[in-house]
Amino acid sequence: MTSEKKPADEPLYTPPPNFIKDVVKADLAAGKHAAVRTRFPPEPNGYLHIGHAKSICLNFGLANEFGGACNLRFDDTNPTKESVEYVDSIKADVRWLGFSWDGEPRYASDYFEQLYEFAVKLIKLGKAYVDSLTAEEIREYRGTLTEPGKNSPYRERGVEENLDLFTRMRAGEFPDGTHVLRARIDMAHPNIVMRDPAIYRIRHAHHHRTGDAWCVYPLYDFTHCLSDMIEGVTHSICTLEFENNRELYDWVLDTLHTPCHPRQYEFARLNMTHTVMSKRRLIQLVTEGHVAGWDDPRMPTISGMRRRGYPPAALRTFCERIGVSRSENRVEFALLEHCVREELNRNAPRVMGVVRPLKVVIENYPEDQVEWFEFPFNPEDPAQGSRQLPFSREIYVEQDDFREEAPKKWFRLAPGAEVRLRYAYYLTCTGVVKNADGQVVELRATIDPESRGGWTKDGRKVKGTLHWLSAAHALPAEVRLYDLLFPMENPMGAEEGRTFTDNVNPESLTIARGFVEPSLAEQKPGFICQFERVGYFCLDPDTVKDELVFNRTATLRDTWAKIEAKG
RNA sequence: UGGGGGAUCGUCUAGCGGCAGGACGAUGGGUUCUGGCCCCAUUAACCGAGGUUCGAAUCCUCGUCCCCCAGCCA
């Protein structure tokens with residue numbers, strides 16, 4: 001029995017479980033916290049990508065699902081790499097994804113004074129000291145993965161001397177690199193992170209928010225846990241590579257006897273086929289000019305996907321479908337594309353767009369006649385309305401829809417073949433016009449007047465339906481056809497002597513000169529639609545008056561291509 | 001070779017001692033004025049070897065493979 005209906009009170013959709021939700025649920029049930037508080041803590045040193053979207057959806061999603069709050073906090077402790085440009089783009093991207101952070105954005109730099117006081121306290125506790133070894137020496141003293149490190153000669157400096165030195169570090173008495181504040185833990189610790197990690201370094205650098213107020217800046221391990229604590233974060237969620245740092249996270253909070261102690265949980269970062277995800281590599285693609293910028297529609301950045309026409313809801317759905325676990329993964333690009341199509345199929349209006357035009361002259365249609373036909377914006381959803389489109393003697397169809405020699409199972413246009421022009425007439429190809437090179441440049445055809453509106457009373461079967469445009473009324477458009485940035489699943493799998501940028505797909509962008517229906521003249525950049533039978537397209541910001549520029553967001557699934565590929 | 005993690009259909013993921021389930025993909029079919037959407041079906045997995053148990057993906061032991069850590073980056 002497959003036709004049983006679900007009871008009305010059963011939810012249609014339940015968000016999938018994951019191990020972090022389990023923890024949150026258990027903590028809430030145990031009364032460990034009054035409410036959950038998470039945070040998304042990007043460093044403003046680059047643009048956000050789809051991997052960040054996973055973290056954003058997780059952190060904000062947890063807050064939403066369990067009635068808590070999520071902070072946006074910029075981890076801005078490295079002034080030489082960070083900038084307001086990145087801060088602004090990150091805020092815009094999070095908002096665009098559909099999330100609202102609790103209160104104002106937070107900045108680790110807002111906590112610099114408190115952090116400094118905590119450092120002083122650590123010194124007074126005898127748990128931190130000023131080291132005056134060079135960076136090089138510190139590395140040598142650290143030992144290796146298999147050998148213990150050894151103590152710095154400065155490790156036994158007294159509290160007063162440390163206090164004095166640290167004060168003078170802050171006061172700007174020393175040049176960069178001369179001293180560093182280190183936690184005093186254990187140079188023989190099996191976890192290298194715990195071998196007296198540096199927590200403050202001298203950097204005479206201008207900070208994008210604090211200006212020149214500071215010349216000592218705290219490091220990640222010291223800053224992050226305390227920032228979480230200050231904000232009352234309950235669950236501090238990060239990626240797997242910070243697993244080793246958790247021990248230090250806990251050490252700092254325990255040693256300082258802080259009023260609360262957030263717990264860190266790690267999940268596996270997102271990897272995807274056919275792209276790269278690390279900040280360093282994305283920067284390289286931009287600076288070496290392999291793409292046009294951070295928001296190039298081929299980039300896995302949030303801004304790139306936005307420009308490509310991916311709806312935020314599709315990204316959210318994607319993040320939910322990929323799940324959250326602790327195992328290494330490489331998600332297929334096809335899943336992302338599926339989520340995009342699913343969303344766009346529901347919402348994108350259908351329009352007529354011909355990407356590679358082929359002119360057809362309808363010999364039995366009067367030269368000066370124009371008829372208007374009604375086209376629904378979405379045949380499956382009448383609520384989306386309709387518009388009128390003109391038909392005339394000369395039209396454009398898609399080059400791909402004509403074959404001089406029809407292969408097996410071909411039911412598009414070919415000499416002598418009859419097809420349907422969507423919502424208009426049945427059309428039969430009666431002749432082919434070629435240029436000197438033998439290329440087909442124009443078709444001759446006739447229509448069946450009885451088929452007006454796109455159907456006939458005799459119920460004759462016409463399998464192929466084509467999109468088309470009245471040549472005289474069509475708007476010219478530049479159409480940017482995007483494909484995979486890298487043809488192979490793993491771009492990093494380059495052979496010896498080559499690097500991943502050598503793998504950039506030379507056909508990841510091809511530009512076509514096409515036409516679109518006149519109703520699109522007034523649309524604004526960001527407008528997303530479906531060119532019927534072709535794909536989803538989005539009006540690009542490069543659009544200027546009389547020169548529409550469309551980005552191909554995604555193709556439609558192409559069953560014919562598969563049939564033909566199989567022979 | 002120190003320490004910390006991870007291995008379930010092609011891919012992602014569920015499972016918490018009791019019928020290995022879902023999604024994507026692939027394949028076949030139905031429907032169709034988009035070769036789209038939708039619908040149906042098929043495909044296909046517990047890293048290995050032992051052990052505990054009436055019963056193990058799950059618990060134990062021993063292996064194998066993969067990832068992370070030696071920044072004054074995050």
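First the proteins, then the strands, lettered A, B, ... as listed; each starts at 1.
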Both distances below 3.5 Å, Watson-Crick or wobble geometry, any strand: find the nucleotide opposite [N].
N     : answer
B:G18 : B:C54
B:G36 : none
B:A44 : none
B:G2  : B:C69
B:G10 : B:C24

Take the protein atom [atom1] of [X] and the nucleotide atom [atom2] of [N], then report the distance between them rounded to whole Å.
X      : N     : atom1 : atom2 : value
A:R246 : B:G3  : CZ    : C1'   : 13 Å
A:I322 : B:U13 : CD1   : C1'   : 10 Å
A:R326 : B:G6  : CZ    : C1'   : 8 Å
A:Y265 : B:G4  : OH    : C1'   : 17 Å
A:K463 : B:U34 : NZ    : P     : 12 Å
A:H207 : B:C73 : NE2   : P     : 14 Å
A:H338 : B:U11 : NE2   : C1'   : 14 Å
A:L145 : B:U1  : CG    : P     : 12 Å

Among B:C12, B:C69, B:U1, the one nearest A:V331 by side-chain distance
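Looking only at heavy atoms from C-beta outward on A:V331, the closest nucleotide is B:C12.
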Closest listed nucleotide, where the reference is the side chain of A:N78 and the choices are B:G4, B:G36, B:A74
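The answer is B:A74, which lies nearest to the side chain.
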Using the [atom1] atoms only, state how far [M] lies from [N], rounded to an integer number of Å.
N     : M     : atom1 : value
B:A45 : B:A20 : P     : 13 Å
B:U53 : B:C66 : C1'   : 32 Å
B:G36 : B:G29 : P     : 13 Å
B:U31 : B:C37 : C1'   : 11 Å
B:U52 : B:C60 : C1'   : 7 Å
B:A41 : B:A57 : C1'   : 28 Å

Would you classify B:G22 as syn or anti? Syn applies when the glycosidic angle is within 90° of 0.
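Base orientation: anti.
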Does [X] contact [N] through a side-chain donor or acceptor facing the base, at a distance under 3.5 Å?
X      : N     : answer
A:E332 : B:G10 : yes
A:E266 : B:G6  : no
A:D558 : B:G35 : no
A:R341 : B:G36 : no

Assess the pair A:F373 and A:Y425: is the distance between their ring centroids shorter than 6.0 Å?
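Distance test on ring centres: under 6.0 Å, yes.
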Tell me whether the centres of the aromatic rings in A:Y200 and A:F166 are closer together than 6.0 Å.
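Ring centres of A:F166 and A:Y200 closer than 6.0 Å.
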Using a 4.0 Å heavy-atom cut-off across all strands, classify A:L270 as base, sugar-phosphate, or nothing.
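A:L270: no heavy atom of the nucleic acid under 4.0 Å.
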When all nucleic acid strands are considered with a 4.0 Å heavy-atom cut-off, which category describes A:I138: base, sugar-phosphate, or nothing?
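It contacts base atoms.
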Taking only the side-chain nitrogens and oxygens of [X], find out if one of them lies under 4.0 Å from OP1 or OP2 of [N].
X      : N     : answer
A:T559 : B:G36 : yes
A:R269 : B:C68 : no
A:R321 : B:C24 : no
A:R557 : B:C24 : no

May I ask you to decide whether A:R155 forms a salt bridge with A:D196, counting only side-chain N to carboxylate O separations under 4.0 Å?
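Salt bridge flag = yes for A:D196 with A:R155.
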Residue mapping more 5' on RNA chain B - nearest nucleotide basis, A:A561 or A:N191
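Between the two, 5'-proximity favours A:N191.
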